[in-house]
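Right, one structure below, let's go through it.
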Amino acid sequence: MVLSWIITLYTLWQMVEMHEIVPGKRFDRYHELGQHAFGEKLGLWVVVPQQLMVEIGVNIVYMITGGNSLKKIHDISCPGCKSIKTTYFIMIFASVQFVLSHLPSFNSITGVSFAAAAMSLSYSTIAWVASANKGVQPDVQYGPRASTTTGSVFNFFSALGDVAFAYAGHNVVLEIQATIPSTPEKPSKKPMWKGVIVAYIVVALCYFPVSMVGYRVFGKDVEDNILMSLEKPKWLIATANMFVVIHVIGSYQIFAMPVFDMIESFFIMKMNFKPTKFLRFLIRNGYVALTMFLAITFPFFGGLLSFFGGFAFAPTTYYLPCIMWLAICKPKRFSFSWFTNWFCIIVGVTLMILAPIGALRQIILQAKEYKFYS
């Protein structure tokens, strides 16, 4: 986890630096930077599919997360009430996204994204403090979950994807930086880098205590979402889950906005559709409906987390920025920068190969016992 934190902070610094690597020009989209590094056509084919997989994958996982947290709030608040399907809670969460998806731009969701960041820190703190207060469970076990060596190896592969999923800001960092004013005297990379440092400190405060304290308290039996392992005090766990819901409501939009932009640009520029409000309405509602349907159909939180973490996040987060840096900045061969970038590339490619293998096995095992649309 620490190694991934360092690598992804380094590659994020590269993205921020390359935003205005050409004097007088700003690369406001990930694919624009890719086109500059690899060429007009190749850059699109290298970056856009990977970026779309990341953003769609995150939105599906956030749908599942929001639905599960709403269900947890209901079950804690009304233990004697009739059980309600997770499907319905995912649909309730999606109903909010149908409304927010019509906000015009990143600037419109500034307040929502700020609330999301605050909620992330809040519920993470509640999770590890409540776990520490609960104390180490009497029957806790720290061994591998699988009973065989093969199972343990596949679980390790899957865990690599979970770690990779934790660092996803690269896919929208250029779009966010594009909203910051920039002049030759005060380039946007300076305030952007300060923001990245603050964000990564928050990331560390969220992930590290939760993972360490959670594993210490619950061992191998901890749930994919640690808040699902906690029951008391009920009011605090319900509050933490509400924070999760607020967090993923805002975060969903941050990752959905670039997808909306790409789909709308395709229909208008390539398919020659008129840029009407009706077209915008259909595209955005259609996308939210699609991610809702996929979340309801495949609500395997842990498996999807790992699969998308390895297959989609590793390229755009761990090694594509390094390849672009080598292609654009051309550091001297065998220099420190050259070695550092190749090390990140090797780590990223390894993650991309191994993590989906473990994740697919996990999803298949979960699907055998799962009743669809339950």
Classify the angle between the aromatic ring planes of Phe93 and Tyr252 as parallel (below 30°), tilted (30 to 60°) or perpendicular (above 60°).
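It falls in the perpendicular class, over 60°.
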
On the 0 to 90° scale, with breaks at 30° and 60°, tag the Phe278-Phe281 ring pair as parallel, tilted or perpendicular.
parallel

Thr87 vs Met91, test: side chain to side chain contact (heavy atoms under 4.5 Å, CB included). Steps then yes/no.
CA-CA 6 Å; Thr87 295; Met91 293 172 70; 4.1 Å; yes

Between Glu32 and Arg26, does the salt bridge (Lys or Arg N to Asp or Glu O under 4.0 Å) criterion hold? Intermediate values first, please.
CA-CA 9 Å; Glu32 292 176 4; Arg26 301 181 74 177; over 6 Å; no

Worked check of side chain to side chain contact (heavy atoms under 4.5 Å, CB included) between Thr150 and Phe154
CA-CA 6 Å; Thr150 303; Phe154 278 111; 3.4 Å; yes

Atom of [X], atom of [Y] and distance for their closest heavy-atom approach:
X	Y	answer
Tyr200	Thr8	OH-OG1, 2.9 Å
Pro49	Leu44	CD-O, 3.4 Å
Ile60	Ala295	O-CB, 3.8 Å
Gln51	Thr316	N-CG2, 4.2 Å
Ile73	Ala238	CG1-O, 3.7 Å
Pro275	Ile268	CB-CD1, 3.5 Å

Give, for atom [atom1] of [X] and atom [atom2] of [Y], the distance between the pair rounded to the nearest 0.5 Å.
X	Y	atom1	atom2	result
Tyr207	Trp5	OH	CH2	13.0 Å
Ser131	Met212	OG	CE	14.0 Å
Glu264	Leu282	CD	CG	11.0 Å
Asn59	Ile64	CG	CD1	11.5 Å
Asn241	Tyr123	CG	OH	10.0 Å
Lys25	His19	NZ	NE2	10.5 Å

For side chain to side chain contact (heavy atoms under 4.5 Å, CB included), just list the numbers for Lys189 and Met15, CA-CA rounded to whole Å, side-chain angles, deciding distance to a tenth of an Å, and then say yes or no.
CA-CA 9 Å; Lys189 65 182 181 180; Met15 297 284 288; over 6 Å; no

Is it the case that over 12 heavy atoms from other parts of the model lie below 6.0 angstrom from the CZ atom of Phe98?
yes

Check against side chain to side chain contact (heavy atoms under 4.5 Å, CB included), Met262 and Phe266:
CA-CA 6 Å; Met262 279 190 270; Phe266 173 78; over 6 Å; no

What I'd like to find out is whether the side chain of [X] reaches to under 4.5 Å of the side chain of [Y], using heavy atoms alone.
X	Y	value
Ile254	Glu175	no
Arg29	Asp261	yes
Ile7	Phe343	yes
Val46	Ile323	no
Cys329	Trp325	yes
Tyr10	Cys344	yes
Gln35	Val47	no
Tyr30	Met324	yes

Tyr215: ring-ring contact (aromatic ring centres under 6.0 Å, His included) partners, not counting sequence neighbours:
Tyr142

Transitively linked via ILVMFWY side-chain contacts under 4.5 Å: [X] with [Y]?
X	Y	result
Met63	Val99	no
Leu52	Leu42	yes
Phe336	Leu9	no
Ile346	Leu326	no

Checking side chain to side chain contact (heavy atoms under 4.5 Å, CB included) against Gln177, which of Ser188, Ser182, Pro191 comes through?
Ser188

Please name the residue in the list Val16, Asp28, Leu33 that meets the side chain to side chain contact (heavy atoms under 4.5 Å, CB included) test with Leu174.
Leu33

I'd like to know if the side chain of [X] and the backbone of [Y] have a donor-acceptor N/O pair within less than 3.5 Å.
X	Y	result
Ser95	Ile92	yes
Ser69	Gly66	no
Asn341	Ser337	yes
Ser4	Met1	no
Thr317	Ala314	no
Lys330	Ala327	yes
Ser77	His74	no
Trp342	Phe334	no
Thr11	Tyr318	no

Does anything in residues 34-66 pair up under ring pair (Phe, Tyr, Trp, His ring centres under 6.0 Å), and if so which pairs, sequence neighbours excluded?
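Only Phe27-His36 qualify under ring pair (Phe, Tyr, Trp, His ring centres under 6.0 Å).
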
